[in-house]
Amino acid sequence: MNRATTAGNATIAGTAAAATISKAGEAGAPANLTDYERTRARFSWSDARALLDGLPGGRGLNIAHEAVDRHAAGPRAGTVALRCLDRAGAVTELTYAELAAESARFANALRALGVGRGERVFSLLGRVPELYATALGTLKNTSVFSPLFPAFGPEPIAERLRLGGGRALVTSPELYERKVAPIRAELPDLAHVLLVGAAPDDPGPAGTIPYRAVTEAVAPLFEIPPTDPEDMALLHFTSGTTGRPKGAVHVHEAVVAHHATAAYALDLRAGDVFWCTADPGWVTGTSYGIVAPLTHGATLLVDAAEFEAARWYRTLEEQRVTVWYTAPTALRMLMRHGTGPARARDLSALRFVASVGEPLNPEVVVWGAEALGRPVHDNWWQTETGAIMIGNFAAMDIRPGSMGRPLPGIEAALLERGADGRALVTPGGHVRVIDEPGRDGELALAPGWPSMFRGYLDDPGRYAASFAGGWYLTGDIARRDEDGYYWFVARADDVIESAGHLVGPFEVESVLMEHPAVAEAGVIGKPDPIAGEIVKAFVTLRPGHRPDEALRRELVAFGRRRLASLAPKEIVFEPHLPHTRSGKVMRRLLKARELGLPEGDVSTLEETP
Ligand code: AMP
């Protein structure tokens, strides 16, 4: 079969987007990573570990100690660790000393309740200060923190609490009443429910306790018990395509990777005001929305409100954000309104912008350079990897559309694929690494980095099946160019096989999004008796464009000019594409709807605006 593909580089070269955004001559403080090759050659994880303190007296490694207690005991005690904006814009600040005290109270509260080592503590909270005290206090107590996204409905909440064996849950009175009370009877292991925002003397619903009643009754000092770096620390559920969500297990050792990768891929350092727009309910919002900025002694900015263009620009300006980590969907929503709203703001504090979660089309990278004064640095990772694995670095030229290069300490490879689209594993358990540039394969990583997941909860078979021939198999298809930059093609599940061609939806979407009328596109393979599959695109328009037949034809012709035989044969307009709550276009859902098939697990589906 002819495995011709839409070549990432060719797509970029033929666009209005620059093939490379050069960093040569960029002013400002030197980046953390200035010489990629040299840093890579010299890097070792044990050196990275040595940048952290470890628990006093050699008693192990605990994420919360590295994130707060070590700063609270030193010159950074009075630095603002956490600055939370509530929906109305009111600001609550906690210094490192205060965050150490609040998290110590929560750890003592858990101890008083009899919740111990390895037991699971869930949160179901908006982005309020108590969420951060809960996360860090749980880690101090050597219990396991598992954050739930507050917009989940009762069933997904029940399922995750059940799978994770939740012993304690921290939530709010409103969320409890609407989402937890209806399922409480199904959760016999859930011994304690703490309500944030309830007055300490409020008896509340049966089976709940006010958060403040327990945290105010205990001391603001807590000595972290010995913690084995391999102790389970974080439990993140990833959205399965169908069937049940999987619980990815992470350990305290992960903090070594959180710290090192934030330095390299986010250029993060002490003194930064860092805004990660992801909710801690997703792995990004925990690894980089809680842990990494605190290990660096930065100020972590948290906004309780959801996306709103004017508010986000105001926040970037007024809070003097220096490093901003966000998602392609949000950037595309900002881009819909051009460069004007950004240029009207003083964004001079902004030093570095990065994006993760799904493919970043080149247009956005270039728009960032024009509108924000900073190009957007794409990086790639997943729940299982726990930290950024591939990225565009501050001092490195960006190739818009590329995810960048593997981080120091990370060895990536592309593996030859079999008929099912995934890496071809021989009966003897061997795989073949693709050496030539330009060919697509399953993206694989050499195991052994500190934040690699240590298992899927209660599913060792599935964990074992994620590895072959000495590699961790990511389930993503990618390509590498001659300079070692990686280009995302598709999730293996999303790849389209059309008339002998392999089509990555992202590359088609990316081309469509270059048309001035197109705000966003989602592309799927639609079964076809002759071609196997044809490419079908769902398109959302920018404001001011009408979804009429003339525009539809124009887009089909535009696609054909740019993509020839790989162009979408069918294009339909959609006012809203389905997204996960973490911002990914749900191509699987577009396909299920197209084919009239069951929608599968939609617990992570964003509500339609
Ligand atoms: P999750 O585990 O939910 O965080 O999703 C991880 C998946 O998101 C990856 O396996 C990719 O398919 C996708 N993803 C994350 N970052 C990127 C990126 N920079 N470019 C393309 N896809 C990405």
* To do: Decide yes or no on side chain to side chain contact (heavy atoms under 4.5 Å, CB included) for Y456 and E384, but give the supporting numbers first.
  => CA-CA 9 Å; Y456 287 121; E384 287 83 348; 2.6 Å; yes
Salt-bridge contact [X]-[Y] (side-chain N to carboxylate O under 4.0 Å):
X	Y	answer
R49	E66	no
E306	R127	yes
R83	E93	yes
E507	R479	yes
E37	R42	no
D35	R40	no
R332	E363	no
R269	D267	yes
R587	E509	yes

Hey, what do you get for [atom1] ([X]) to [atom2] ([Y]), rounding to the nearest 0.5 Å?
X	Y	atom1	atom2	result
L234	S287	CG	OG	7.0 Å
N379	F393	CG	CZ	8.5 Å
T79	L294	OG1	CG	11.5 Å
L372	L347	CG	CG	6.5 Å
D435	E416	CG	CD	10.0 Å
D231	L61	CG	CG	10.0 Å

Are side-chain N/O atoms of [X] and [Y] paired as donor and acceptor at under 3.5 Å?
X	Y	answer
T322	D272	yes
T20	S22	no
D476	T474	no
Y132	E102	no

Using only atom types and a distance under 3.5 Å, with no angle test, would you say the side chain of [X] pairs donor to acceptor with the backbone of [Y]?
X	Y	value
K140	E223	no
T261	H259	no
D440	A478	no
S466	Y463	yes
S123	L125	no
R462	G455	no

* Check: H377 ring centre within less than 6.0 Å of F352 ring centre ->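 Centroid distance H377-F352: below 6.0 Å, so yes.
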* To do: Could you tell me whether W275 and W312 have their ring centroids closer than 6.0 angstrom?
  =>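 Distance test on ring centres: under 6.0 Å, yes.
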* To do: Could you walk me through whether Y486 and R480 pass the side-chain hydrogen bond (donor to acceptor under 3.5 Å, both in side chains) test, one step at a time?
  => CA-CA 4 Å; Y486 280 77; R480 187 179 53 233; 3.0 Å; yes
* On the 0 to 90° scale, with breaks at 30° and 60°, tag the H250-F453 ring pair as parallel, tilted or perpendicular. =>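 Rings of H250 and F453: tilted, as their planes differ by 30° to 60°.
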* Mind checking whether Y288 and Y325 have parallel, tilted or perpendicular rings, split at 30° and 60°? ->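 Judged by the thresholds at 30° and 60°, the geometry between Y288 and Y325 is perpendicular.
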Could you tell me which non-hydrogen atom of [X] sits nearest to which non-hydrogen atom of [Y], and how far apart they are?
X	Y	result
P293	L300	CG-CD1, 3.8 Å
L110	S143	CD1-OG, 4.2 Å
A292	H258	CB-O, 3.5 Å

* Asked: Where do S510 and N361 land on the side-chain hydrogen bond (donor to acceptor under 3.5 Å, both in side chains) test, with the steps shown first?
  -> CA-CA 5 Å; S510 208; N361 46 310; 5.1 Å; no
* To do: Please lay out, stage by stage, how T383 and H236 fare under the test side-chain hydrogen bond (donor to acceptor under 3.5 Å, both in side chains).
  => CA-CA 7 Å; T383 306; H236 279 290; over 6 Å; no
* Would you kindly check if the NZ (Lys) or CZ (Arg) of R405 is within the cone defined by 45 degrees around the ring axis of Y36 and under 6.0 Å from the six-membered ring centre? =>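 Yes, R405 and Y36 form such a contact.
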* Pick one: which of W282, F237, F122 meets ring-ring contact (aromatic ring centres under 6.0 Å, His included) with F149? ->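 One option only clears the test, and that one is W282.
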* Could you walk me through whether R491 and E358 pass the salt bridge (Lys or Arg N to Asp or Glu O under 4.0 Å) check? -> CA-CA 10 Å; R491 287 288 307 163; E358 54 154 12; over 6 Å; no
